[in-house]
Amino acid sequence: MAKVLIAGGGIAGTITAIALHETGHEPVIHEAYDRTAEGVGAFLTLAVNGLDALSPLGLKSLVKDLGFDTPRIKMRLGDGRDLAEFALGGQLEDGTVSQTVLRSDLYIGLRDEAVRRGIEIRYGKRLADARESGDGVRATFEDGSSAEGDLLVGADGLRSRMRTIIDPRAPSPRYVPLLNTGGLAEGLRLDDEPGVMHMTFGKRLFFAHVVHPDGGVWWFANIPRKHEPSQAELAVTTTWREDLIRRLAVDRTPAERIVRATRDIYRPWATYDFPSVPAWRTDRMVIIGDAAHATSPAAGQGAAMAIEDAVTLARCLRDVSSIPKALAVYEGLRRERVEAVVERGKRNGDAKAVGPVGRVIRDFFLTRAFKNPPKEDPNAFMWRHRIDWEAPVA
C-alpha cells in the first residue's frame with residue numbers, strides 16, 4: 001500500500017483518489033482552494049469511453065443519475081440549412097450513451113462519494129514545491145504546511161504547478177483562438193427533442209444547445225478571437241450579452257432567443273491545449289489530466305481523458321512492481337492516445353475559428369463533406385477506447 005498525495009481536488013484528482021483507494025492505496029487529496037466548488041463551472045458532455053472507465057469503480061450509475069442522455073447531434077449552418085444528424089459517440093453494450101451534466105453537480109457527487117469511502121480531502125493546500133527523497137516525496141504548500149508520501153500526483157489543471165516542478169522548461173499552454181461562454185435558458189420552449197445536441201456553424205460564431213428533459217435549454221458558444229485575451233479583458237462582461245445577441249442575430253436559428261432567455265451568462269474564458277508535454281513524471285511524481293494533456297473542448301473528451309488517466313494509473317500502481325516502473329508504464333499506455341485526442345480536438349476546433357472569407361470556404365466544404373460522409377467516423381477512436389480493469393498490467 002502506498003500513501004499517495006494528490007494535488008488538485010477537481011474531477012481528475014477525485015477520481016484518481018477513488019481509483020487508488022479501490023486498489024488498496026491511501027490517497028489524500030490536497031485542494032488549492034479553501035472552499036468547495038458548488039455552483040462553479042459550466043456543463044460538460046461525458047463520452048461513453050469515460051463512462052465505461054467509471055464502471056469498475058462503481059461510479060457510472062452515479063454520473064448517470066446526475067446528468068441526462070445526449071445520444072445524438074444535429075448540425076446545421078447559420079443560414080438554417082441542415083447538414084447532418086448522427087450519434088454522439090456511440091453507446092455501450094448496456095445502452096448507455098453520452099451524458100450531459102453540470103460540472104458542479106459532477107464535482108459534488110464525486111467529492112461526496114470520495115468522503116463516503118473514507119478518503120481524506122484537505123482544503124486550502126495550493127502546491128508550492130515538491131522534492132523527492134530515495135523512497136518518497138515531500139510536498140510543501142503555500143500556507144507553509146507540508147506532507148510526505150510515497151507518490152505525488154499532479155491533477156492541478158491547465159496552469160499546473162506540478163508540471164513545472166517536474167520540468168522547469170515545460171511548455172506553456174497553446175492558445176486556441178476561441179473564447180467560450182454559455183448558460184442555462186429558462187422559460188423558453190423549443191420544439192427540439194430533449195437530449196439532442198444542436199450544433200450550428202454560424203456566420204459569426206459556433207453555437208450549440210440541448211433541451212434538458214425538464215424543458216430548460218443548456219447552451220454554449222465559441223467566439224473566434226485571434227489574439228489571446230488578458231484576464232482583465234475577460235473580466236469586462238458588461239457588454240457581453242449584447243455582443244452575443246448582435247453576433248447571433250444574423251443567423252436563422254433560435255440562438256438569439258436562447259441567449260435573451262438566459263439570466264446568467266457564464267463569464268467568458270479562453271481555450272487552450274497542449275500539443276505535447278515532454279516530461280510527465282519523475283520516479284515519485286506524475287501529472288495527469290489537463291496538467292499533462294489539456295485538449296480543446298471541440299474534442300468532447302476532456303473529462304473522459306482525465307477518467308481514463310485515473311483508472312490507468314491505478315491499474316499500473318496495482319500491478320507493476322515499483323512506483324517508478326509503474327509511472328513509466330502508465331506514460332507508455334497513455335501518451336500516444338492523449339496526444340492523438342489533442343490533435344483531433346485542434347482540428348475540430350479550427351473550423352470554428354474562421355473569418356468572413358474562411359466561413360464561406362468552410363461552409364462549402366462542410367456541405368460537400370456531409371453529403372458524402374466517410375464510412376468510418378474519424379472521431380471513433382476516441383470514444384471506442386475501452387480499459388479492461390481486471391486485466392493485469394504487464
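Side chains included, hydrogens not; waters and symmetry mates left out as well; all remaining heavy atoms used. Just so you know, residue 1 is the first one in the sequence shown, and it goes up from there.
Heavy atoms from other residues, nucleotides or ligands lying under 6.0 Å from CZ of R252 number 12 at most. The environment of CD in E242 is crowded: more than 12 heavy-atom neighbours from other residues, nucleotides or ligands sit within 6.0 Å.
Test T239, T262, T181, I258 against L244 for side-chain contact (heavy atoms from CB on, under 4.5 Å) and you get one pass: T181.
Looking only at side-chain heavy atoms (C-beta outward), P229 and P268 stay at 4.5 Å or farther from each other. For the pair V63/L106, a side-chain contact is recorded, criterion being any heavy-atom separation below 4.5 Å from C-beta on. Using a 4.5 Å heavy-atom cutoff, the side chains of L179 and T271 are not in contact. Using a 4.5 Å heavy-atom cutoff, the side chains of T70 and V97 are not in contact. Proximity of E339 to S276: side-chain heavy atoms (C-beta onward) are separated by under 4.5 Å at one or more points. Residues W383 and D377 have side chains in contact (heavy-atom distance under 4.5 Å, counting atoms from C-beta outward). You'll find the side chain of R334 reaches within 4.5 Å of the side chain of W280, heavy atoms only.
Here the CD1-CG distance, from I6 to L127, works out to 13.0 Å after rounding to the nearest 0.5 Å. The CG atom of D105 lies 12.0 Å from the CG atom of D65; values are rounded to the nearest 0.5 Å. Atom CG of D363 is separated from atom CZ of F201 by 9.0 Å, given to the nearest 0.5 angstrom. With values rounded to the nearest 0.5 angstrom, M305 atom CE is found 12.5 Å from I288 atom CD1. Atom CG of L327 is separated from atom CG of L151 by 5.5 Å, given to the nearest 0.5 angstrom.
Look at E256 and R260 and you find a salt bridge, because one of the NZ, NE, NH1 or NH2 atoms lies within 4.0 Å of a carboxylate O, short of that distance. A salt bridge does not link D82 to K74: none of the charged side-chain nitrogens sits closer than 4.0 Å to a carboxylate oxygen. Look at R247 and D243 and you find a salt bridge, because one of the NZ, NE, NH1 or NH2 atoms lies within 4.0 Å of a carboxylate O, short of that distance. Under 4.0 Å is where a charged nitrogen must lie from a carboxylate oxygen, and between R337 and E308 at least one such pair does. Using a cut-off of 4.0 Å between Lys/Arg side-chain N and Asp/Glu carboxylate O, E132 and R284 are scored as not salt-bridged. Taking the charged nitrogens against the carboxylate oxygens, R131 and D129 do have a contact shorter than 4.0 Å, which makes a salt bridge. Checked for salt-bridge contact, D112 and R117 miss the test: no charged N lies under 4.0 Å from a carboxylate O. By the 4.0 Å N-to-carboxylate-O rule, R72 lies close enough to E85 to be salt-bridged with it. Salt bridge E343/K346: absent, no basic N to carboxylate O contact under 4.0 Å. Comment: R122 does not engage E31 in a salt bridge, judged by the lack of any side-chain N to carboxylate O separation of less than 4.0 angstrom.
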Q. Is there a side-chain contact (heavy atoms from CB on, under 4.5 Å) between I73 and V196 once you walk through the steps?
A. CA-CA 6 Å; I73 292 177; V196 176; over 6 Å; no
Q | Steps toward ring-ring contact (aromatic ring centres under 6.0 Å, His included) verdict (F43, W219) | A | CA-CA 9 Å; F43 62 90; W219 63 273; 8.8 Å; no
(Q) Quick one, I387 with T312, criterion side-chain contact (heavy atoms from CB on, under 4.5 Å). Give me CA distance, side-chain angles, the key distance, then yes/no. (A) CA-CA 8 Å; I387 298 173; T312 303; 3.6 Å; yes
Q. Should T45 and T100 be marked as a side chain to side chain donor-acceptor pair (under 3.5 Å) after you check the CA-CA gap, both sets of side-chain angles, and the distance that decides it?
A. CA-CA 4 Å; T45 298; T100 298; 2.8 Å; yes
Q) Does the pair R138 and S133 meet the rule for a side-chain contact (heavy atoms from CB on, under 4.5 Å), with working shown? A) CA-CA 8 Å; R138 178 183 178 88; S133 60; over 6 Å; no
Q: Verify side-chain contact (heavy atoms from CB on, under 4.5 Å) between I223 and R204, making sure each step is shown before the conclusion.
A: CA-CA 7 Å; I223 303 95; R204 295 180 180 175; over 6 Å; no
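Side-chain contact, N49 with Q301: a donor N or O sits under 3.5 Å from an acceptor N or O. Side-chain N/O atoms of D156 and S160 include a donor and acceptor closer than 3.5 Å. Between the side chains of H293 and D273, no donor N or O sits under 3.5 Å from an acceptor N or O. Side chains of H209 and D192: a donor-acceptor N/O pair is present below 3.5 angstrom, by distance only. Between the side chains of D251 and T253, no donor N or O sits under 3.5 Å from an acceptor N or O. A donor-acceptor contact closer than 3.5 angstrom is absent between the side chains of S146 and T140. Looking at D309 and T16, their side chains never bring a donor and an acceptor atom within 3.5 Å of each other.
Remark: R318 is positioned above the aromatic ring of W389, its terminal NZ or CZ atom under 6.0 angstrom from the ring centre and at most 45 degrees off the axis. A cation-pi contact, defined as under 6.0 Å to the ring centre and within 45° of the axis, links R126 to Y33. Under the 6.0 Å distance and 45° angle rule, R159 counts as a cation-pi partner of Y272.
Hydrophobic clustering places L248 together with L188 (ILVMFWY residues linked when any side-chain heavy atoms are closer than 4.5 Å, directly or through intermediates). Cluster membership check: L313 does not share its hydrophobic cluster with L333, using side-chain heavy-atom separations under 4.5 Å among Ile, Leu, Val, Met, Phe, Trp and Tyr. Under the 4.5 Å side-chain contact rule for hydrophobic residues, V329 and V286 do not share a cluster. With hydrophobic clusters built from ILVMFWY side chains whose heavy atoms lie under 4.5 angstrom apart, I287 does not share a cluster with V342. Both L77 and M75 belong to a single network of hydrophobic side chains, linked directly or stepwise wherever heavy atoms of I, L, V, M, F, W or Y lie under 4.5 Å apart.
Checking side-chain atoms of R241 against main-chain N and O of V259 turns up a donor-acceptor pair under 3.5 Å. Proximity of a side-chain donor or acceptor of R111 to a complementary backbone N or O of G10 within less than 3.5 Å is not detected. No donor-acceptor distance shorter than 3.5 angstrom exists from the side chain of T14 to the backbone of I11, with no hydrogens or angles considered. Between the side chain of E233 and the backbone N or O of S230 there is at least one donor-acceptor pair closer than 3.5 Å. At least one donor-acceptor pair under 3.5 Å links the side chain of T23 to the backbone N or O of L20. Side-chain atoms of D69 do not come within 3.5 Å of backbone N or O of P71 as any donor-acceptor pair. One N or O on the side chain of R161 and one on the backbone of A128 form a donor-acceptor pair closer than 3.5 Å. Of the possible donor and acceptor atoms, one in the side chain of R335 sits under 3.5 Å from a partner among the backbone N and O of V277. When atom types are taken as modelled, the side chain of H212 and the backbone of V210 share no donor-acceptor pair closer than 3.5 angstrom. With E120 contributing its side chain and G118 its backbone, the two residues share no donor-acceptor pair below 3.5 Å.
A parallel orientation is assigned to the rings of H30 and F141, their planes being inclined by less than 30° (bins at 30° and 60°).
The aromatic ring centres of Y266 and W240 sit 6.0 Å or more apart.
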